[in-house]
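The structure appears below as structure tokens.
Quick note on labels: first sequence line is chain A, next is B, and so on, each numbered from 1. The shown structure was predicted, so the numbers you read here are calculated from the model rather than taken from an experiment.
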There are 2 protein chains.
Amino acid sequence: MNKKDAILLAGTKLFAEKGFGGTSMSELAEMTGIAGATIFYHFKTKEDLFLAVLEQVKDGILKSFDEYFAASRFENGLEMVEGVISFFLFMAGHKEEWFLLLHRNHPYRLAEVNPICRGYLEVIYNCFADVFERAIRRGRADGSIRDIPAHKTALIVLSMVDGVIRFKTCQLYDAGALFGNLMELCRRMLENPEK
Amino acid sequence: MNKKDAILLAGTKLFAEKGFGGTSMSELAEMTGIAGATIFYHFKTKEDLFLAVLEQVKDGILKSFDEYFAASRFENGLEMVEGVISFFLFMAGHKEEWFLLLHRNHPYRLAEVNPICRGYLEVIYNCFADVFERAIRRGRADGSIRDIPAHKTALIVLSMVDGVIRFKTCQLYDAGALFGNLMELCRRMLENPEK
DNA sequence: GCAAAAACTGACTGTCCAATCAGTCATACT
DNA sequence: AGTATGACTGATTGGACAGTCAGTTTTTGC
């Protein structure tokens, strides 16, 4: 593999597991078998590397959702919400390091002073909120979801799913065991009783 | 103020804002006007200080809920759930540093190897889950909440509230603006339609 | 008032780490 | 074959940091 990609790969893993402050460049060098100075040849500073990692995560998330929607069909909006929730939980299991990274505090601190970082985070969370919002709008149009504000409701559903994923990655309890309940509660929260 | 308490106070603030790795003992010393060595007189290591801070947070949370329940009366279980959610959000505004600390990754990493830390976190999250679970059980008994598993539902409601708080402390969007929607969605999720 | 204990401190140490730099190696083009 | 460009590296540097220690000041008990 390309050394630059190897650094990004190891960087994603380390930043996700140990955070920005907890990761040392020499550790990263040792892990990849690449000389320390080589990392600084490809990435000017540690922060630059972090931003490159975050950009990759952003691209990965956008691509994943694109592929998911390209391959999926839904009966109605409510089923689309349920599908998106399942996909979120699938992704959280499959790409745990993405969510570990996003559940750390450092990206948000950095975003306060670094517009590039802020930009990446905005794209990621806009994507997250958007997929739910689109599903809710569709559900309202087809009558499967009752008359509720799409954007705000999308943010709350996102918070809920994100909260469950965080509790799982923190090993506080198992999200898998809650899957069925989560779906049922979401359905009850959104569904149109008149239909 | 007692120097030990001043150290704990500043420690809570710094660990919450900058994390364990991002906080330096000399910074803490400078902030409090206390000599660096004095901190190590009261707390053997940086980790010891962190545990003491977490213990204080734990005690504060338990005390807050005790006081809240001592001062509150609820018509039924569903209203109790709503009251608890409001109180959570109130606390998240009032004691932001507690939630910043709990939304960091370090405590959970430390908990994997340090049983004292694990103990504190368990007490905190058991408290959180318990208050919701009690409310749901009461609601099921008085008929205001439909027939759903109390513990699992409590965990999901907790995830949702915790998720909203996290999004707020990360400055991704404002929890206040979602308050009304959150309450309405929760009510819809739990309420017993037969009543 | 005094002795013992507790609280506190300045100066220091060894370690670790981000970043630099001068220079080597591989590749591509002429 | 020669050279220019990009990829890579070992050795080093300067600063920051957790933790120590020997000694001073303050508090406590009598």
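- With sequence neighbours left out, the ring pair (Phe, Tyr, Trp, His ring centres under 6.0 Å) criterion links A/Phe50 to A/Phe15, A/Phe20, A/His106.
- Residues meeting the salt bridge (charged side-chain N to carboxylate O under 4.0 Å, His left out) test with A/Glu75, sequence neighbours left out: none.
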**Report entry** Check against salt bridge (Lys or Arg N to Asp or Glu O under 4.0 Å), A/Glu112 and A/Arg109
**Finding:** CA-CA 5 Å; A/Glu112 285 170 21; A/Arg109 291 286 141 189; 3.8 Å; yes
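- Here A/Tyr108 pairs with nothing under the ring pair (Phe, Tyr, Trp, His ring centres under 6.0 Å) rule; sequence neighbours left out.
- Partners of B/Glu122 by salt bridge (charged side-chain N to carboxylate O under 4.0 Å, His left out), not counting sequence neighbours: none found.
- Within the structure, side chain to side chain donor-acceptor pair (under 3.5 Å) contacts touching residues 20-41 of chain A (residues at least two apart or in different chains) are A/Lys18-A/Glu27, A/Ser24-A/Ser26.
- Within the 4.5 Å cutoff, no side-chain heavy atoms of B/Phe167 are placed close to those of B/Leu178.
- Here B/Lys4 does not reach the OP1 or OP2 of C/dC8: none of its side-chain N or O atoms lies under 4.0 Å away.
- Taking atom OH of residue A/Tyr41 and atom P of nucleotide C/dA19, one finds them 18 Å apart after rounding to whole Å.
- Here D/dA7 presents its C1' atom at 13 Å from CZ of A/Phe43, a figure rounded to the nearest Å.
- Separating the CG atom of A/Leu49 from the C1' atom of C/dA19 is a distance of 14 Å, rounded to the nearest angstrom.
- Rounded to an integer number of Å, the gap from CD of B/Glu47 to C1' of D/dG19 is 14 Å.
- Using a 4.0 Å cut-off, some side-chain N or O of B/Thr38 falls inside it from OP1 or OP2 of C/dT9.
- In the region residues 17-35 of chain B, proximity to DNA chain D at under 4.0 angstrom, judged on heavy atoms, holds for B/Thr23, B/Ser24, B/Met25, B/Ser26.
- Qualifying ring pair (Phe, Tyr, Trp, His ring centres under 6.0 Å) partners for A/Phe65, counting only residues two or more places apart in sequence or in other chains: A/Phe87, A/Phe88.
- Applying a 4.0 Å cut-off to non-hydrogen atoms, none of the residues of residues 108-116 of chain A approaches DNA chain D.
- Residues A/Leu51 and A/Asn114 have side chains in contact (heavy-atom distance under 4.5 Å, counting atoms from C-beta outward).
- Nearest heavy atom pair, residue A/Ser86 against residue A/Phe179, reads OG-CZ, 3.8 Å.
- Between the CG atom of B/Asn2 and the C1' atom of C/dC8 there is a distance of 13 Å, given to the nearest Å.
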Give every pair of a protein N or O atom and an N or O atom of nucleotides 20-28 of chain C that lie under 3.5 Å apart, one pair per line with the distance.
none

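- With contacts defined as side-chain heavy-atom distances shorter than 4.5 Å, the pair B/Ser144/B/Asn192 does not qualify.
- When the salt bridge (charged side-chain N to carboxylate O under 4.0 Å, His left out) test is applied to A/Arg134, no partner is found at least two apart in sequence or on another chain.
- For B/Glu96, the salt bridge (charged side-chain N to carboxylate O under 4.0 Å, His left out) criterion is met by no residue, not counting sequence neighbours.
- Taking atom CE on B/Met1 and atom P on C/dA7, their separation rounds to 17 Å, with Å as the unit.
- Between A/Leu102 and A/Ile61 there is a side-chain heavy-atom pair separated by less than 4.5 Å.
- Between the axis at the start and the axis at the end of the helix from C/dG1-D/dC30 to C/dT30-D/dA1 there is an angle of 10°, using five pairs per end and rounding to 10 degrees.
- Here D/dT26 presents its P atom at 15 Å from NE2 of B/His42, a figure rounded to the nearest Å.
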